[in-house]
Novice: 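Sharing a structure here in structure tokens format.
Chain letters run A, B, ... following the sequence lines, proteins first, then strands; residues in each count from 1.
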Amino acid sequence: AQSVSQHNHHVILSEAASLELGCNYSYGGTVNLFWYVQYPGQHLQLLLKYFSGDPLVKGIKGFEAEFIKSKFSFNLRKPSVQWSDTAEYFCAVPLVTGTASKLTFGTGTRLQVTL
Amino acid sequence: DGGITQSPKYLFRKEGQNVTLSCEQNLNHDAMYWYRQDPGQGLRLIYYSQIVNDFQKGDIAEGYSVSREKKESFPLTVTSAQKNPTAFYLCASSPVVRAGNYGYTFGSGTRLTVV
């Protein structure tokens, strides 16, 4: 079964530092990948997604992620974080069973950006 | 604005009581989902529904029940059989059952606390 793992559970960075959050998935075939973000007190929202084509995907708020098939990875990056990036970040991959396709989420990474 | 509305935002339940969490969407999405979010465990799927009058168990359905009488509505009942109901509950929807191609839209969540 497809699964996704996030190894960084809690990351603390100073403003302007560079960010890379890890995401690894288990499925070896065609795969769609998502990153969601949950800001404090807000609902989850889509940060970026990969379906096919260019493995470097750009999302909102300066985030990007690179799909590396050989490493089964889809790490999230940002060159310079801001205090407002403090949030929880979730990687997700679809799990297909029959006609349904449901998203399986990683355990999340809590990012804390300090001033 | 189109979106998903979850109510109430906060809910307190006494042990032994059943409570129902509301989820309404005006996005005309076919598929709807309920997830439970606990610290360090990410999002875990409780139930999902691909079409009106049909729903399927997710990974942690025990102690929960749902109904899908209308396309717009997917209420979740947390029964007294759920041993550890204190959590943050998220409702989501997607345009088609193959959510892997579209991702989800999330509601703002309901925080349930057992007192």
Novice: Find the distance between CD (A/E20) and CZ (A/R77) and round it off to the nearest 0.5 Å.
Specialist: 5.5 Å
Novice: In terms of side-chain geometry, is the basic nitrogen of A/K78 or A/D85 positioned less than 4.0 Å from the acidic oxygen of its partner?
Specialist: yes
Novice: Could A/K49 and A/F34 be counted as a cation-pi pair, given that NZ or CZ must be under 6.0 Å from the ring centre and within 45° of the axis?
Specialist: no
Novice: Check whether B/L45 gets within reach of chain A through its side chain, its backbone, both or neither, counting any heavy atom under 4.5 Å.
Specialist: side chain
Novice: Given a strict heavy-atom distance threshold of 4.5 Å, which part of B/Q6 is in contact with chain A: side chain, backbone, both, or neither?
Specialist: neither
Novice: Are any of the side-chain nitrogens in B/K71 or B/D30 under 4.0 Å away from the carboxylate oxygens of its partner?
Specialist: yes
Novice: If only atom types and distance count, is the side chain of A/Q6 paired as donor or acceptor with the main-chain N or O of A/N8 below 3.5 Å?
Specialist: no
Novice: Examine whether an atom of A/Q45 lies under 4.5 Å from a heavy atom of chain B, and if so say whether it belongs to the side chain, the backbone or both; otherwise answer neither.
Specialist: neither
Novice: Heavy-atom distances under 4.5 Å only: say whether A/L44 touches chain B with side chain, backbone, both or neither.
Specialist: both
Novice: Would you call A/L21 and A/N75 a side-chain contact if the rule is heavy atoms closer than 4.5 Å?
Specialist: no
Novice: Quick check on the interface: out of A/H9, A/Q38, A/H10, who has the most heavy-atom pairs with chain B under 4.5 Å?
Specialist: A/Q38
Novice: Between B/L90 and chain A, which part of the residue has a heavy atom less than 4.5 Å away: side chain, backbone, both or neither?
Specialist: side chain
Novice: With chain A as the partner, which of B/Q37, B/R111, B/R44, B/Q56 has the greatest number of non-hydrogen pairs under 4.5 Å?
Specialist: B/Q37
